[in-house]
Amino acid sequence: MNIKKKLLLIDGNSVAFRAFFALHQSLDRFVSHNGLHTNAIYGFNTMLDRIIENTNPTHTLVAFDAAKETFRNAKYSNYKGGRAKTPSELSEQLPYLKKLLEAYGIKSYELIDYEADDIIGTLAKKAEKEGFEVTIVTGDRDLTQLATDRTTVSVTQKGVSETESYTPDHVLQKYGITPGQIIDMKGLVGDSSDNYPGVAKVGEKTALKLLKQFGTIEKLYDNLDKLKPSKMKEHLEEDQKIAFLCKDLARIRKDAPITLTLKELEWKGRDTAKLTSFYEEVDFKSFLKKLDSKTKKKKPESTKIDYTVLTEDNINELSLSFKNGISFYLEMSGDNYHLAPLVGFVIAYDGKYFVSRNCELLKSEKICSALEDPAIPIDLFDGKRTFVGLARLNVKLSDVDFDLLLVSYLLNASENSNDLGKLAQLHDYTDVSTDEEVYGKGAKYLIPEDDQVFFNHLCSKLQAITALKSPLLNQLKENKQEELYIKMERPLSFVLGNMELAGIRVDQNRLEQMGSEFKERIEEVKLEIYNEAGEKFNLNSPKQLGVILFEKLKLPVIKKTKTGYSTAVGVLEQLRGMAPIVDNILKYRQIAKIQSTYVEGLLKYVSPKDSKVHTRYTQTLTATGRLSSVDPNLQNIPIRLPEGKKIRQVFVPRKENWEIFSSDYSQIELRVLAHISHDENMQAAFKRGADIHANTAMQIFGLESAEQVTPNMRRQAKAVNFGIVYGISDYGLAQNIGISRKQAKDFIDRYFKIFPGVHQYMKKIVEKAHKTGYVETLFKRRRYLPDITSKNFNLRSFSERTAMNTPIQGSAADIIKVAMINMQKMLKKEKLQAVMLLQVHDELIFEAPQEELKKLKKLVPNVMDEAVSLEVPLKVESSSGKTWYDTK
DNA sequence: CTGTTCACG
DNA sequence: ACGTACGTGAACAGC
């Protein structure tokens with residue numbers, strides 16, 4: 001196992017300084033029993049824990065400035081002159097800080113004649129050469145000059161626990177220059193805290209402008225005569241010497257005479273005993289407690305697990321009863337469990353572990369009967385994946401007791417990793433590695449040949465599942481989410497597994513035929529575009545297209561992106577009519593999208609075995625509780641435009657004389673909103689079966705009757721309704737329907753007056769989120785919104801909109817999930833041949849023999865209707881046809 | 001590996 | 001004054 005080497009370099013003085021001033025108001029609260037100030041140590045410690053957790057360094061060092069005088073004073077005697085003396089409350093902490101570092105097992109280092117920067121610069125360069133990934137932590141932006149593709153510079157913000165990470169890209173994005181040009185900038189601007197002046201009257205803005213034009217100070221002065229005469233030019237001429245000197249002062253040395261080797265910086269972790277006594281000395285109670293709980297949790301060296309390798313010969317030694325339940329993990333080499341090779345498994349009961357690479361053994365009577373017996377409780381991670389994997393061996397996983405993946409997702413839907421090791425870590429269980437650590441990733445992904453390594457990893461997964469079972473189930477109980485787990489997500493995982501296994505049939509010939517038609521049209525349009533542009537270029541490149549449209553053809557620039565001109569649909573639509581090329585580009589985009597994503601993309605997934613595509617539904621990904629669909633994504637098959645909609649013609653039933661049947665909830669999200677907001681006006685509209693958008697239009701435009709609503713009014717009202725569901729803002733609404741912000745605000749104000757219950761709901765839910773830190777759906781699905789208290793307007797606003805939207809979107813997701821579970825049961829109970837195939841958020845798609853259609857037409861809407869009882873009726877619409885295209 | 005664009009609800 | 005609608009996945013370009 002080859003873990004990447006990571007070096008963490010900390011600018012000791014600078015971070016301590018930042019920590020000291022960040023906690024300056026609390027200076028008096030941070031005094032130990034013998035009178036020592038501790039605020040800087042405390043802040044430093046907080047930062048240290050965070051950065052270690054985030055970067056997982058293998059090597060560490062904290063650099064300090066040695067004495068006052070360095071080589072820079074020899075070059076410029078005023079260097080750092082006039083700087084206020086370090087306050088004694090801070091300097092008294094420095095020796096203790098070094099003690100803290102010692103307990104952390106981190107080396108402190110200083111070097112006569114050099115500053116901490118130079119030590120860091122030198123070691124970073126050295127480490128890079130040896131293949132390290134380097135993280136630098138400092139409070140001083142000057143160090144961003146050291147950023148490279150292998151070195152990230154984290155600069156502390158306001159406090160010290162939050163940092164801003166500077167990669168070369170980030171420097172470029174923020175300043176428009178490369179890290180190397182930072183020193184040129186400092187040369188021109190100077191540095192007041194280090195007391196060197198730079199060029200008179202040149203500040204950051206001017207410096208950046210000059211550097212973007214010329215690159216470096218040297219080139220700037222080589223080309224000074226190209227500048228128009230100005231005051232600035234005079235200053236530049238006068239201060240030339242100073243500029244070069246300042247640049248030299250700003251340059252961090254990468255050749256300091258450091259005798260340390262990188263090997264000496266290897267980090268072996270904290271010394272708990274030393275750290276405990278240090279914390280006691282400085283009265284850090286909270287850190288002591290943290291340390292205590294960490295050491296307690298650590299299990300007595302359990303890295304090596306006893307297991308038995310199963311073979312055909314010893315399989316009979318397995319217990320017969322498994323009555324206390326089993327835990328089970330089936331390993332596959334790859335993500336797509338419909339296809340990934342089954343490479344091994346582990347089964348455990350009564351604390352004994354049995355492993356094998358031979359998954360055929362799972363078919364043996366002994367194991368198979370246990371997995372298929374609903375009376376034997378099974379604990380695992382990702383029941384759906386396991387269910388599908390076993391189904392490939394014709395083993396039918398019967399029931400699951402504890403599914404770590406599902407439970408973990410319900411406890412916190414935002415932390416949605418699919419890796420057992422990572423999830424376990426989130427719950428403070430650290431005795432299991434992640435798959436990435438053991439198997440590698442990308443091209444290096446490999447199931448280990450070493451049995452010891454592989455089997456040990458599998459066993460440690462089961463240990464994690466067992467260890468987390470009762471604490472996580474307790475948390476579910478505290479959150480009142482047991483029912484959500486037992487009645488909804490756990491049974492749903494099997495429903496989804498069956499849908500995935502069923503798959504939907506694709507008419508491959510038809511799809512290929514469509515492909516060649518699209519291909520011809522693409523070629524035609526492409527040729528026309530090249531003609532109109534006067535040259536060939538890569539039409540798929542927004543960058544190249546931007547050059548043609550906005551530079552060559554001189555069309556007006558409507559919107560810019562981070563990297564250049566925007567060429568998105570909205571922009572192109574505004575350019576329509578100005579040049580014929582625009583229409584053709586839109587046409588090209590449309591067809592090229594269909595071709596690459598839906599023709600070629602889909603063909604890649606058609607199984608040669610059964611002519612079907614088997615998507616995977618991700619049950620534990622979205623923050624709201626919706627499903628998502630991958631490989632292929634069958635939840636975004638085109639429907640809005642006629643060209644794209646044709647793709648639906650290739651989705652066909654599995655048998656002759658069968659049809660595709662589809663039912664969808666109409667306006668489910670608005671109905672959910674009417675329910676949870678108790679808004680009487682909105683509820684009344686749904687109860688009398690009104691066209692909800694027309695109704696909204698009538699009311700916000702103050703009309704007498706529905707007949708007076710024009711199509712345009714309805715369109716605008718519809719946008720307002722959508723906006724409400726999304727957590728409305730005047731800006732967003734204005735953008736969407738192309739009106740002014742003021743008009744949009746007007747609409748919203750009127751809307752809230754007409755639907756006061758909705759207004760109340762919006763206010764209350766945001767309040768609740770502020771108070772509790774989370775919001776919930778009808779079925780107690782929970783989403784945490786940590787940013788809701790942020791001082792950053794953007795983050796906070798986003799969280800507030802999310803607080804409004806999540807209960808609506810999430811409850812709708814809950815409802816259809818209930819319907820799916822009931823539907824599956826109903827199909828079985830009624831002994832129908834019909835198969836549930838797909839879910840598209842508010843829609844369920846089936847295939848069925850023609851003779852069952854009549855029955856389904858009643859049954860499916862009934863089940864969907866009765867999934868939940870709201871204060872307003874639900875409405876379900878159905879249709880059927882020979883292909884998915886022909887439904888509705 | 002990130003950003004842009006575009007497909008869906 | 002700030003500056004975005006909510007939730008997704010795939011293809012592609014260009015580093």
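The chains referred to below are lettered A, B, ... by the order of the sequence lines, with proteins before strands, and numbering in each begins at 1.
- Side chain of A/K646 to backbone of A/M514: no donor-acceptor contact under 3.5 angstrom is found.
- Contact between the side-chain N/O atoms of A/K604 and the OP1/OP2 oxygens of C/dA11 is found at a separation under 4.0 Å.
- Contact annotation for A/L621: backbone-only contact, meaning every heavy-atom pair under 4.0 Å involves sugar-phosphate atoms and none involves a base.
- With C1' as the reference atom, B/dA7 and C/dC2 are 32 Å apart, rounded to whole Å.
- The residue A/L627 sits apart from the nucleic acid: no heavy atom pair falls under 4.0 Å.
- Taking the six-membered ring where tryptophan is involved, the planes of A/F651 and A/W884 are perpendicular, since the angle between them exceeds 60° and thus also 30°.
- Look at CD on A/Q595: it is 17 Å from C1' on B/dT5, rounded to the nearest Å.
- When Watson-Crick and G-U wobble pairs are counted only if both distances are under 3.5 Å, C/dA1 pairs with no nucleotide at all.
- Taking the nucleotide of DNA chain C with the nearest heavy atom to each of A/T802 and A/N794, the more 5' of the two is matched to A/N794.
- Side-chain atoms of A/Q595 come within 3.5 Å of backbone N or O of A/G515 as a donor-acceptor pair.
- Taking the 5.5 Å centre cut-off and the 30° plane limit, the aromatic side chain of A/F798 is not classed as stacked on C/dT4.
- For A/S541, a side-chain nitrogen or oxygen approaches OP1 or OP2 of C/dG14 to under 4.0 Å.
- If you check every strand for non-hydrogen atoms under 4.0 Å, A/G723 touches a base.
- Among the heavy atoms of the strands, none lies under 4.0 Å from A/V725.
- At whole-Å resolution of the value, CG in A/L572 and P in B/dT5 are 9 Å apart.
- Here B/dG9 presents its C1' atom at 15 Å from OH of A/Y665, a figure rounded to the nearest Å.
- Within the 4.0 Å cut-off from OP1 or OP2 of B/dG9, not a single side-chain nitrogen or oxygen of A/R626 is found.
- Taking atom CZ of residue A/F537 and atom C1' of nucleotide C/dA13, one finds them 14 Å apart after rounding to whole Å.
- A/A719 comes within 4.0 angstrom of a base, heavy atoms only.
- A/D631 comes within 4.0 angstrom of sugar-phosphate atoms only, judged by non-hydrogen atoms across all strands, and of no base.
- Within 4.0 Å (heavy atoms only), A/N736 reaches at least one base atom of the nucleic acid.
- Between A/H693 and A/F722, the ring planes are parallel. Angles under 30° get that label, and only those over 60° would be called perpendicular.
- When heavy atoms are screened at a 4.0 angstrom cut-off, A/R589 is found touching the sugar-phosphate backbone but no base atom.
- You'll find that the side chain of A/T567 is closest to B/dT5, out of C/dA10, B/dT5, C/dG7.
- For C/dA10, the OP1/OP2 oxygens have no side-chain nitrogen or oxygen of A/S596 closer than 4.0 Å.
- Of the candidate nucleotides B/dT4, C/dT4, B/dA7, B/dA7 has the atom lying nearest to any side-chain atom of A/Q590.
- Looking at heavy-atom distances under 4.0 Å, A/N538 makes contact with sugar-phosphate atoms alone, never a base.
- Residue contacts for A/N805: at a heavy-atom cut-off of 4.0 Å it reaches the sugar-phosphate backbone alone, with no base atom in range.
- For A/F793 and C/dC2, the ring-to-base geometry does not satisfy the stacking test (centroid distance below 5.5 Å, interplanar angle below 30°).
- Checked by atom type and distance alone, the side chain of A/E500 never pairs as donor or acceptor with a backbone atom of A/G497 at under 3.5 Å.
- Here the side chain of A/P542 is nearest to one of C/dA11, B/dA7, B/dT4, namely B/dT4.
- The separation of B/dG3 from C/dT4, taken at their P atoms, amounts to 15 Å, rounded to a whole angstrom.
- Side-chain N/O atoms of A/R801 include none lying less than 4.0 angstrom from OP1 or OP2 on C/dT4.
- Here the P atom of nucleotide C/dT8 and the CG atom of A/N633 are 12 Å apart, to the nearest Å.
- To the nearest angstrom, C1' of B/dC6 lies 13 Å from CD of A/E573.
- Residue contacts shown for A/R783 are limited to sugar-phosphate atoms, with no base heavy atom under 4.0 Å away.
- We find that NZ of A/K645 is positioned 10 Å from P of B/dG9, with the value rounded to whole Å.
- Regarding A/Q839, its CD atom lies at a distance of 14 Å from the P atom of C/dT8, rounded to whole Å.
- Residue-level contact check: A/A813 touches neither bases nor backbone, having no heavy atom under 4.0 Å from any strand.
- Side chain of A/N584 to main chain of A/I581: no donor-acceptor pair is present (N/O by atom type, distance under 3.5 Å, no hydrogens or angles).
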For this session: Begin with the C-alpha distance, continue with both residues' side-chain angles, and end with the deciding distance and a verdict on side chain to side chain donor-acceptor pair (under 3.5 Å) for A/T777 and A/S811.
Result: CA-CA 5 Å; A/T777 65; A/S811 298; 4.6 Å; no

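- For A/Q809 and C/dC6, a side-chain-to-base donor-acceptor distance below 3.5 Å is present, hydrogens and geometry of angles not being considered.
- Side-chain N or O atoms of A/N416 include one that pairs as donor or acceptor with a backbone N or O of A/L621 at under 3.5 Å.
- Across all strands shown, A/S566 has heavy atoms under 4.0 Å from sugar-phosphate atoms exclusively, and none from any base.
- Listed nucleotides C/dA13, B/dA7, C/dA10 differ in distance to A/N636; the shortest reach to its side chain belongs to B/dA7.
- One finds a side-chain N or O of A/T561 lying less than 4.0 angstrom from the OP1 or OP2 phosphate oxygen of B/dT4.
- At the phosphate of C/dA5, neither OP1 nor OP2 sits under 4.0 Å from any side-chain N or O atom of A/S729.
- B/dT4 and C/dA5 have their P atoms separated by 13 Å, given to the nearest Å.
- Across all strands, A/I808 comes closer than 4.0 Å to no nucleic acid atom at all (heavy-atom distances).
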